[in-house]
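The chains referred to below are lettered A, B, ... by the order of the sequence lines, with proteins before strands, and numbering in each begins at 1.
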Amino acid sequence: MSLPDKFLKPFDAQSIEDGLYAKWLASGLFNPDVCIEKGYTKPDAESFSIVLPPPNVTGTLHTGHAFMLAIEDIMVRYNRMQGKKTLWIPGTDHAAISTESVIVKQLSKEGTTKFKIGREEFLKRVNTFAQESHDTIVGQTKKMGASLDWSREAFTLDEQRHRAVVTAFKTMYDDGLIYRGDRIVNWDPKGQTTVSDDEVDREEETSKFYYFKYGPFVIGTARPETKFGDKYVVMHPDDARFSEYAHGQKIELEWINGPMTATVIKDTAIDMEFGTGVMTITPWHSAIDFEIAEKYNLDKEQIIDMYGKLLPIAGEFAGMKIEEARAKIVEKLDAKGLLVKIEDNYKHQKAISQRTKATIEPQIMKQWWIDVNKPIAKRDNLSLKELMLRAVREDGVAIIPDRFEKIYFNWIENLRDWNISRQIWYGHQIPVWYDKENNVHLPREQKFIFTRHGESQANLDKVYAGQADSPLTTLGKEQALDTAKKLHGKNISKIISSDLSRAYDTAQIIAKELGIDNIETWKELRNMDLGNTTGTPLPDNSTSSKFTKKTMIDIGIEYSDGETLQDLEKRAHEVIKKLQKSSSEGVILIVGHGQFTRILLSVLNGDKGNQILDNQRKITIDNLQIYEKTLFLNPTGENLTQDSDTLDTWFSSGLWTFSTLGWPENTNDLKIYHPTSILETGHDIIFFWVARMILMSTYLLGEIPFKTVYMHGMVLDKNGKKMSKSNPETAIDPLLTIEKYGADALRMAMIVGVGPGQDVTLSEDKIKAYSKFANKIWNATRFVLEQTNADDLQTKPVLDQEHAEYINQWNTLSTEITKEMDEFRYYLVSEKLYHFFWHTFADIVIEKCKSDMNDSARYTLRYLLHRQLITLHPFMPFITEEIWSSLYPDGDLLMITPWKSAE
RNA sequence: GCGCGAUUAGCUCAGUUGGUAGAGCAGCUCGUUUACACCGAGAAGGUCGGGGGUUCAAGUCCCUCAUCGCGCACCA
């Protein structure tokens, strides 16, 4: 009969949720390494991994994110309770164009532009904004109860992901998959950038359709303003009406700005039924026309500039905006007697930029492209397109619900080369440099070897013990010489060393042995921020230095002189950046101090935060081992300029399943958690993201990025409209909802009855209903706690037949549920759990037990509550964990309680 | 135009190899002060969009039409 006071009041989600999340974080159990360390997960357990689809750093969490987090957290918590090595990696996406445009708008309000403030200043502003958004989003994600391993958090634009991007780009370039070419692009005149085919929306428009005399022909067009340069007239070769004209025939005619010569082209691309069956082409501003021009090697001329104004070729109309010029051109043609007629009801689809809503103007530009049709030698001579098809057809990527597989195939079959250049500043700048002759230079591989100074821990211990008085003793020298031996034949051409004595002395000994005179000293390589007090700053042949034991204590235990782990991590990144600017014909040797070198290597391996503490210890360079590492370095040379464009944001997102696991390094994470188990995301980004991840992973790693793709639907309001900022009246703010009803209620409202791929209609009524459910659980628990105690479950009494029947019912249900969990049928499981708890456990079992509260009844009540809490946990993590802690105040957390014990 | 879905109770939706229709919410009636009014009990409510076919048997499989939604490609 132990009833905590909190049960005397209705369930109050708000008062417990933040505290519970903090408790989970403090336990460290969101990190699978900790679960193994503490014995909750077997080291050889099966792994289960998900990468969080990274929210854009453009603002706040919306209901779509909440929906995604609810589903994924159920998957993750369930699998963790199944005893799997479970990893869910958080991160955010820099979302290039979207994020950049937020700042562009801000600047415009301030009366300035990005060009006025310059690239560097602009990026500083974007980064500040991105950081703020990131912090907001992370806070909101935690409110949902998401059990993400924050120690592995990634960002699509951070330094580790940048190395992945450069490696991917370079690899694709070397394989001939990335090329630069003049091609027709979707130009967004408002955003001043190109966008990919997938970033273009179509909008129906009714406009005028004009018929003009063009020599002996009548041509139809909706865009008279593009017609100035048209000097090719195209018709179908089988069209009897034009059989008198021959391909290549020249015709003199009068056109907008005077007489000109037109050339007849016969091509089957023409639809004989449409318009007059004959057209002129404008290759610079139309994809179809461009193809025809390429086919016959025709001239191409730009008519409209990047701001949507007519160029000098338009004669008197030069400098005019399209809208303005159109009517005037028609007027002029009419005056010249060339206008035949105008139709008013021409319906067609206008291309609109998804991000800026501006009308797309096709243009020809030099851009970087990914060739999706070129056979790749190292991938069975399959093209990227074929790799993407094979992944789903044969290599085991299952898409749920499976109708999306058809949509996926349909898209790939129509796929054209991917334009990856963006004319914006925020993003991964294209890793290509041009010299004066416009030759292309890419990053090159530079090999580094890391080692530490010639002084072992054992040697230092002697110093501490007073058995030696110099840190670089004879023994230390010998060790330095040993290292030098190992480096013979490694083609070392340059040495970079810390500027403090022990490392510098070692570097000098090695340099002398190897006959190298090129030594640089970097103070960033110092062990810790020792300043001038504890180490002897250079120079020369000093063999002793002042030091304290404090500075020698393993960094994992204590940081010296106030430099925190974050500071060290930051410094490591600075060093890596500096290394990337170092360059040498041969191998560069880095001689550092033990602890910092290990941290540096750990960061180079892709570790973050606390992982560095754990993993740097595993890097064994103590006994003067050498550690080899290859980095891509920017090319060096006279007058090289980097391409000013950035990469399409989906280029870096495409690497997400493995860049988050440390690729291009061959990390343990990568070995254990890739391919990931499930990719859970909205069906609206199947092409943008899912397809691109399959492309990148099958090509770069030769393996699929995930085994299962689970697509969720869109969140709709009660009127069936997609919830968005554009209709704020009915939009539900997840944060306000959590405050009012609790995260558990919101999660349930989004899960119950919502199958894969199905849109959720979210209404406040539904959320309210599940907050009532939470209260029901709360009160039933109160009753059970009042009537029973923990001992009732210790020994199983002989059960009354009635009670045995209830338990039997539960066991049957529980087995069924486990099967359904494995089939992703959360919408069914949640409903069944709800129903059993309320209408069997509460309405029948508890009511029956009231009349005869014997041992059998008490056991049954305890048993059923215990089991139900376990199965409900993935769905309603907060309330179940809270109740669990009241049932078992000294027990383990519910989040790592084995799922099997629910059966 | 091509493709993909959806159409089941007033609303939102389940219904997994075909076996005589289910849940939640809302509404209705009655009840209830010691787990819970954020409650309980009960009744009502659907010729499963129309038509056709296969079958002993069709919400479920096939064909067709209608309506709605989504995706892709678009034609000067």
Side-chain angles (χ1 to χ4, degrees), chain A residues 3 7-11 197-198 200-202 204 209-212 219-224 226-227 230 233-235 269-282 285-289 292 346-351 401-416 683-684 686-687 713-714 716 718 720 722 741 745 748-749 752-755 757-787 819-820 823 825 827-828 830-832 834-835 838-839 842-844 846-847 849-850 861:
Chain A
L3 183 69
F7 285 103
L8 298 175
K9 289 178 290 190
F11 176 60
D197 292 344
D198 302 289
V200 176
D201 280 340
R202 306 280 167 174
E204 185 157 289
F209 196 70
Y210 308 88
Y211 291 89
F212 302 118
I219 57 156
T221 184
R223 300 200 58 192
T226 64
K227 296 285 145 201
D230 289 11
V233 59
V234 192
M235 57 213 73
I270 290 290
D271 177 359
M272 288 190 273
E273 308 295 313
F274 185 84
T276 57
V278 55
M279 70 170 183
T280 59
I281 57 166
T282 316
H285 301 290
S286 155
I288 296 274
D289 297 2
I292 296 173
Y346 178 58
K347 278 194 184 129
H348 66 128
Q349 303 289 111
K350 195 165 73 168
D402 56 11
R403 66 188 153 90
F404 285 107
E405 290 187 4
K406 293 178 193 162
I407 297 177
Y408 174 83
F409 292 138
N410 186 280
W411 178 78
I412 290 177
E413 275 148 20
N414 293 314
L415 187 62
R416 293 185 289 181
H683 65 64
D684 54 337
I686 180 167
F687 309 132
M714 302 294 106
L716 309 178
K718 60 185 172 193
K722 187 172 170 179
Y741 299 109
M748 282 295 274
V752 178
V754 184
Q758 194 186 313
D759 294 344
V760 208
T761 310
L762 192 61
S763 66
E764 192 161 341
D765 279 346
K766 194 171 178 189
I767 302 163
K768 205 191 271 177
Y770 290 102
S771 73
K772 282 188 188 179
F773 179 49
N775 193 57
K776 188 77 182 177
I777 298 174
W778 193 249
N779 280 301
T781 301
R782 172 180 165 182
F783 178 81
V784 175
L785 284 177
E786 277 173 354
Q787 302 294 327
K819 185 167 170 276
E820 285 166 346
E823 293 166 351
R825 302 160 85 85
Y827 61 104
L828 270 184
S830 51
E831 190 178 327
K832 285 178 180 175
Y834 172 92
H835 203 246
W838 202 309
H839 299 297
D843 290 349
I844 300 173
I846 288 184
E847 292 306 320
C849 287
K850 274 181 188 172
L861 290 174

### Query
What are the two closest non-hydrogen atoms of A/Pro224 and A/Tyr210, and how far apart are they?
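Scanning both residues completely, I find the closest heavy atoms to be CG-CD1, 3.5 Å.
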
How is [X] classified with respect to the nucleic acid when contacts are heavy atoms under 4.0 Å: base, sugar-phosphate, or nothing?
| X | value |
| --- | --- |
| A/Ser771 | base |
| A/Ile270 | base |
| A/Thr282 | nothing |
| A/Ile288 | sugar-phosphate |
| A/Asn414 | sugar-phosphate |
| A/Asp843 | sugar-phosphate |
| A/Phe404 | nothing |
| A/Ala842 | base |
| A/Gly753 | sugar-phosphate |
| A/Lys832 | nothing |

Figure out the [atom1]/[atom2] separation between [X] and [N], and round it to whole Å.
| X | N | atom1 | atom2 | value |
| --- | --- | --- | --- | --- |
| A/Met714 | B/rC4 | CE | P | 20 Å |
| A/Glu413 | B/rA73 | CD | C1' | 14 Å |
| A/His835 | B/rA23 | NE2 | C1' | 7 Å |
| A/Arg782 | B/rC36 | CZ | C1' | 8 Å |
| A/Asp765 | B/rG10 | CG | P | 18 Å |
| A/Leu828 | B/rA14 | CG | P | 10 Å |
| A/Ile767 | B/rC25 | CD1 | P | 15 Å |
| A/Arg825 | B/rC13 | CZ | P | 18 Å |

Phosphate oxygens OP1/OP2 of [N]: is one of them under 4.0 Å from a side-chain N or O of [X]?
| X | N | value |
| --- | --- | --- |
| A/His683 | B/rC70 | no |
| A/Trp838 | B/rC36 | no |
| A/Gln349 | B/rG1 | no |
| A/His839 | B/rG24 | yes |
| A/Lys768 | B/rG24 | no |
| A/Tyr827 | B/rG15 | yes |
| A/Tyr834 | B/rC25 | yes |

According to salt bridge (Lys or Arg N to Asp or Glu O under 4.0 Å), who are the partners of [X], at least two apart in sequence or on a separate chain?
| X | answer |
| --- | --- |
| A/Lys819 | A/Glu823 |
| A/Asp197 | A/Arg416 |
| A/Glu273 | none |
| A/Arg782 | A/Glu786 |

Considering only side-chain heavy atoms of [X], which listed nucleotide, [options], is closest?
| X | options | answer |
| --- | --- | --- |
| A/Ala769 | B/rG71, B/rC25, B/rA35 | B/rC25 |
| A/Asp271 | B/rC25, B/rA35, B/rC75 | B/rC75 |
| A/Glu847 | B/rC4, B/rA35, B/rC72 | B/rA35 |
| A/Ala780 | B/rC38, B/rG71, B/rA35 | B/rA35 |

### Task
Please work out the stems of RNA chain B from pairs that are Watson-Crick or G-U wobble with both distances under 3.5 Å, keeping only runs of three or more consecutive pairs.
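Paired runs of 3+ in RNA chain B: B:1-7 with B:66-72, B:10-13 with B:22-25, B:28-31 with B:39-42, B:49-53 with B:61-65.
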
Does some side-chain heavy atom of [Y] sit less than 4.5 Å from a side-chain heavy atom of [X]?
| X | Y | answer |
| --- | --- | --- |
| A/Thr282 | A/Lys227 | yes |
| A/Ile270 | A/Val278 | no |
| A/Lys850 | A/Phe783 | yes |

### Task
On RNA chain B, check which nucleotide each of A/Lys850 and A/Asp759 is closest to and give me the residue with the more 5' one.
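Result of the comparison: A/Asp759.
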
### Task
Could you check A/Glu823 against A/Phe274 and say which one's nearest nucleotide on RNA chain B is further toward the 5' end?
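Per heavy-atom nearest nucleotide, the more 5' residue is A/Glu823.
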
### Query
If you take atom types as modelled and just measure distance, does the side chain of A/Gln758 reach the base of B/rA14 with a donor-acceptor pair under 3.5 Å?
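A donor-acceptor contact between them is absent.
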
#### Entry: Any donor-acceptor N/O pair under 3.5 Å between B/rC36 base and A/Lys776 side chain
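Per atom types, the contact qualifies.
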
Sequence neighbours excluded and cut-off under 3.5 Å, please list the side-chain donor-acceptor pairs for residues 770-777 of chain A, or say none.
{"from": "A/Ser771", "atom 1": "OG", "to": "A/Lys768", "atom 2": "O", "distance (Å)": "2.8"}
{"from": "A/Asn775", "atom 1": "OD1", "to": "A/Phe11", "atom 2": "N", "distance (Å)": "3.0"}

Please state the [atom1] separation for the pair [N] and [M] - nearest whole angstrom.
| N | M | atom1 | answer |
| --- | --- | --- | --- |
| B/rC62 | B/rC4 | P | 12 Å |
| B/rC48 | B/rU20 | C1' | 14 Å |
| B/rG15 | B/rU8 | P | 14 Å |
| B/rU47 | B/rA9 | C1' | 14 Å |
| B/rG50 | B/rU67 | C1' | 11 Å |
| B/rA58 | B/rG18 | P | 13 Å |
| B/rG59 | B/rC39 | P | 36 Å |
| B/rU7 | B/rU60 | C1' | 15 Å |

### Task
Would you give the length of the straight line joining atom CD of A/Glu764 to atom OH of A/Tyr741, rounded to the nearest 0.5 angstrom?
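The OH atom of A/Tyr741 is 3.5 Å from CD of A/Glu764, to the nearest 0.5 Å.
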
### Task
Report the residue from A/Thr221, A/Ile219, A/Thr276 that forms a side-chain contact (heavy atoms from CB on, under 4.5 Å) with A/Tyr211.
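With A/Tyr211 as partner, A/Thr221, A/Ile219, A/Thr276 yield a single side-chain contact (heavy atoms from CB on, under 4.5 Å), made by A/Thr276.
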
